[in-house]
There are 2 protein chains.
Amino acid sequence: MTLADVAKLAGVSVSTASKALNGKPEVADATRARVRHAAAELAFHPNPLARGLISGRTRTIGLLTDELGGRFSMPVLLGVENALGNEEMSVVLCDARGDSIRRQHYIRTLVARQVDGFIILGESNDLRPSLTRDIPVPVVYVYGESGDPGDLSILADDEGGARLAAEHLISLQRRHVGHITGPVLYRAARDRAAALRQVLHDSGLDLAGGEPLHGEWSRRWGRHAAHMLVTADPDVDAIFCGNDQIADGVCEALTNLGRHVPDDVAVVGYDNWETLAADCRPPLTTIDLNLEQLGAVAVEHLSAALDGHRTTGVIRHPGRLVVRESTGPSPRRPSAAVRA
Amino acid sequence: MTLADVAKLAGVSVSTASKALNGKPEVADATRARVRHAAAELAFHPNPLARGLISGRTRTIGLLTDELGGRFSMPVLLGVENALGNEEMSVVLCDARGDSIRRQHYIRTLVARQVDGFIILGESNDLRPSLTRDIPVPVVYVYGESGDPGDLSILADDEGGARLAAEHLISLQRRHVGHITGPVLYRAARDRAAALRQVLHDSGLDLAGGEPLHGEWSRRWGRHAAHMLVTADPDVDAIFCGNDQIADGVCEALTNLGRHVPDDVAVVGYDNWETLAADCRPPLTTIDLNLEQLGAVAVEHLSAALDGHRTTGVIRHPGRLVVRESTGPSPRRPSAAVRA
DNA sequence: CTGAAAGCGCTTACAG
DNA sequence: CTGAAAGCGCTTACAG
């Protein structure tokens, strides 16, 4: 079905049919109606290749990731995909798998495919080299920050997330808050630790154990570090963990040590990795990064850039606290009624 | 940069330039060399929209999923993406999120975008209604089987996977093998249970506890069911679990019951969900579904179909056993030397 | 308000 | 072996 078929059925020229369907004002109402009718009857969909050839726009954006399989890519991708759908755009996906040859190859491929813009999805939220000079269309960086401040980066708000967790624990009257998290070389780990300390400091509190415990992002490390922390500071009554896996291990270790979660020690995770957080014993209070929204915000800004409204700099998108049982609402006062 | 620029630089006509670059035999060697040179100099990439407009092929395939966020979509997607890269094709991604309106909308969108073919990714491996009649290009179903046997479905081999697990346990001299798995309404759960029973039967063994324990796909269920199974059959010396989360819960419960894994009870999971299986205590022996390969096989068959070699029916792609510590190599004979 | 013409960037008969 | 012409499906000045 081509526009020519529609035009013929409607008894007009191809150019008139085009204008009618594209809402140009110079078409007579009756004509427009006839053309629309014909188009509907033939289930006509304009060929996007032909349109793209003329307009130079393909209504397609390229999403370049470094590690699709990682924990953070998927939710962002979902958000992007969904937001693009609302704009009648599609996403072409390329996973460079951390390999710079692949990355350059994909950039060339996507540019050759005439994508209207790029979203570059980082695998960690550390700084990464800008790729913008290789790309002739607008680019938005998501999750991982571009090293070039002239680029636009949409990031998760690590400090804000840590603050949410810290304030939640303090509101529960916890006074001895420890921190078990990932490697110190991750900016996310450092930023969250700093924010936690700041909030504690503002409340006149010190970090339980004196220093954050930096290790792996694993359950194993959570188990191990929980032992260390309880030994170092037996009064600890709350632990803020760098991710949900660590928190899971912490809960397990605390339980094995005879400490009740949350009555004796409240535990907060990070990431809200559903399958883990909800299935933990007890289910984890945690910080959701709102990664889908991150993807949606990226699309929003990319669309603006395509319309000529470019933004630069860093946008930190807030997370949210998800309260589950690992931080009980009434500390040290387990209600028999509730438990029954 | 257009072909016209290349032609001008090489001093030939556009049509000759086109033939030279496309390897047509009728071009003089010297001319071809000059054109290639010019193209390289200008970093010329033919406009795929123009090519697509002529050829009717876009070198793009549509990937329609029902739940991208699920545990199984991502690996398949990775395999598809990678395999397509080798064929110089791209993937456009659409997630219907289980909504049939969205699904139909996306099908229309992708068809309008002139994708050369579809891959339809199921969220569960149960039968699903065929969508092929709405799609005028070749379709391959992956992970979830199409209800129409005239379609091609590439599936994980559940029976084969269960057999691998069962044979592994039997080779370790286990005689009392129990099965804790997901809801009976999942075909995967039923198929695996049946295959396990068959293997046990062939070895003259019965299922420990008499019946498979069907419940949720969760750690919580694993913990609970492990208690049940040990009570029902205290001699149980191996448990094959329907997924890694269940296996994780089983390991935890067994340990709390004072049963050593694997010395007293060997445990096998399913899915090889890396972050979980490797971080479990002990690390899980499990079945990897080879989902990336599933995606690659789908692309292979789709490419063949695009070349006119269509296949139909069901292909079951084998998984593989990944041995970790939850099935020790020397049952009931823990070596002090090894442990030290 | 409508339609004939040119053109987006390329490929492919066709003529020379 | 090379090039002028037509055409893929559409849009957009331009003329009427």
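Sequence lines set the chain letters: A, B, ... in the order given, protein chains first and strands last, and positions in each chain run from 1. This structure is a prediction, so every number in the text was calculated from the model and none was measured.
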[N] phosphate, OP1 or OP2, under 4.0 Å from [X] side-chain N/O:
X     : N      : result
B:T31 : D:dT2  : yes
A:T2  : D:dG9  : no
A:R51 : D:dG9  : no
B:S15 : C:dT11 : no
B:T16 : D:dT2  : no
A:N47 : D:dC8  : no

Give the rounded distance in Å between these two atoms: [atom1] of [X] and [atom2] of [N].
X     : N      : atom1 : atom2 : answer
A:K8  : C:dG3  : NZ    : C1'   : 17 Å
A:L21 : D:dT11 : CG    : P     : 8 Å
B:R57 : D:dG9  : CZ    : P     : 17 Å
B:L49 : C:dT11 : CG    : C1'   : 15 Å
A:E26 : D:dA15 : CD    : P     : 15 Å
A:L3  : D:dT12 : CG    : C1'   : 13 Å
A:N22 : D:dA13 : CG    : P     : 13 Å
B:M1  : C:dC8  : CE    : P     : 14 Å

- Backbone N/O of A:R59 and side chain of A:D116: donor-acceptor pair under 3.5 Å: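 The answer is yes, because a donor-acceptor pair under 3.5 Å joins these two groups.
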- Message: Donor-acceptor check, side chain of A:R102 to backbone of A:R97, threshold 3.5 angstrom: yes or no?
- Response: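 A pair under 3.5 Å: no.
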- Item | Side-chain donor-acceptor pair present, B:T58, B:Q114, cut-off under 3.5 Å |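 B:T58 vs B:Q114: no donor-acceptor pair found between side chains.
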- Query: Do you see a donor-acceptor pair shorter than 3.5 Å between the side chains of A:T16 and A:S13?
  - Reply: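 There is such a pair (donor and acceptor under 3.5 Å, judged by atom type) between the side chains of A:T16 and A:S13.
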Side chain of [X], heavy atoms from C-beta onward: which of [options] has the nearest atom to it?
X     : options               : answer
B:A28 : D:dT2, C:dT11, D:dT11 : D:dT2
A:K19 : D:dC10, D:dT12, D:dT2 : D:dT12
A:K24 : D:dC1, D:dC10, D:dT12 : D:dT12
B:A50 : C:dT2, C:dG3, C:dG9   : C:dG9

- Message: I want to check something: taking the side chain as every heavy atom from C-beta on, are B:I120 and B:L63 in contact at a cut-off of under 4.5 Å?
- Response: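 They are not in side-chain contact.
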- Item | Side-chain heavy-atom pair B:V92, B:I61 within 4.5 angstrom cut-off |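 Heavy-atom side-chain distance check fails, nothing below 4.5 Å.
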- Provide the Watson-Crick or G-U wobble partner of C:dC14, both distances under 3.5 Å; none if there is no partner.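 By the stated definition (distances under 3.5 Å), D:dG3 pairs with C:dC14.
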- Could you pick out which residue, B:L53 or B:D29, lies toward the 5' side of DNA chain D when each is mapped onto its nearest nucleotide?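 Going by which nucleotide is closer to the 5' end, it is B:D29.
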- Message: Taking any heavy-atom pair under 4.0 Å as a contact, classify A:V14: base, sugar-phosphate, or nothing.
- Response: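 Counting heavy atoms under 4.0 Å across all strands, the contact made by A:V14 includes a base.
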